[in-house]
Amino acid sequence: MPALNIEFTPEEMARLRNRAKITGKSLKEHVHDVTVEEADRIAFVEGAATEAERILPGVVERFPAGLR
């Protein structure tokens, strides 16, 4: 399975360990999950922005400025 070797400052590592402990996950699980969730969030936002650009002209035509 592909893997990453990422360097962190001691302070960053302490924060990550603390967050992993709070979530009840191992450090590896926590960093994996947060990284994948962020990538998915960005993909969702980009898709939503694209869809908004696609439908916005119809919304502007259909609803007067005071009703949007």
Side-chain angles (χ1 to χ4, degrees):
M1 186 177 314
L4 293 173
N5 182 9
I6 303 171
E7 295 179 9
F8 297 98
T9 67
E11 294 82 11
E12 290 169 335
M13 187 60 81
R15 292 197 325 258
L16 289 170
R17 281 194 172 104
N18 185 52
R19 293 303 307 163
K21 184 177 180 181
I22 289 169
T23 62
K25 297 179 182 179
S26 71
L27 179 60
K28 185 176 179 179
E29 289 173 319
H30 175 68
V31 172
H32 170 272
D33 292 353
V34 169
T35 304
V36 171
E37 288 168 8
E38 179 63 5
D40 290 347
R41 185 192 69 78
I42 290 169
F44 174 82
V45 169
E46 288 172 345
T50 299
E51 182 65 7
E53 288 177 13
R54 185 187 73 76
I55 67 169
L56 186 59
V59 171
V60 170
E61 281 180 25
R62 191 165 175 197
F63 299 99
L67 297 177
R68 290 188 241 138

Would you give me the side-chain donor-acceptor pairs under 3.5 Å for residues 13-25, sequence neighbours excluded?
residue	atom	partner	partner atom	Å
Thr23	OG1	Arg19	O	3.3
Thr23	OG1	Ala20	O	2.9
Lys25	NZ	Asp33	OD2	2.6

### Query
Rounded to the nearest 0.5 Å, what separation is found between the CG atom of Asp40 and the OG1 atom of Thr35?
11.0 Å
### Task
List in chain and number order the residues that pass salt bridge (Lys or Arg N to Asp or Glu O under 4.0 Å) with Arg54, two or more places apart in sequence or in another chain; answer none if no residue qualifies.
Glu51
### Task
Answer with yes or no whether the hydrophobic clustering places Val31 together with Leu4; edges join I, L, V, M, F, W, Y residues whose side-chain heavy atoms lie under 4.5 Å apart.
yes
### Query
Could you state the interatomic distance from NE2 (His32) to CG (Leu27), rounded to the nearest 0.5 Å?
13.0 Å
### Message
Which residues pass the side-chain contact (heavy atoms from CB on, under 4.5 Å) test with Glu53, not counting sequence neighbours?
### Response
none
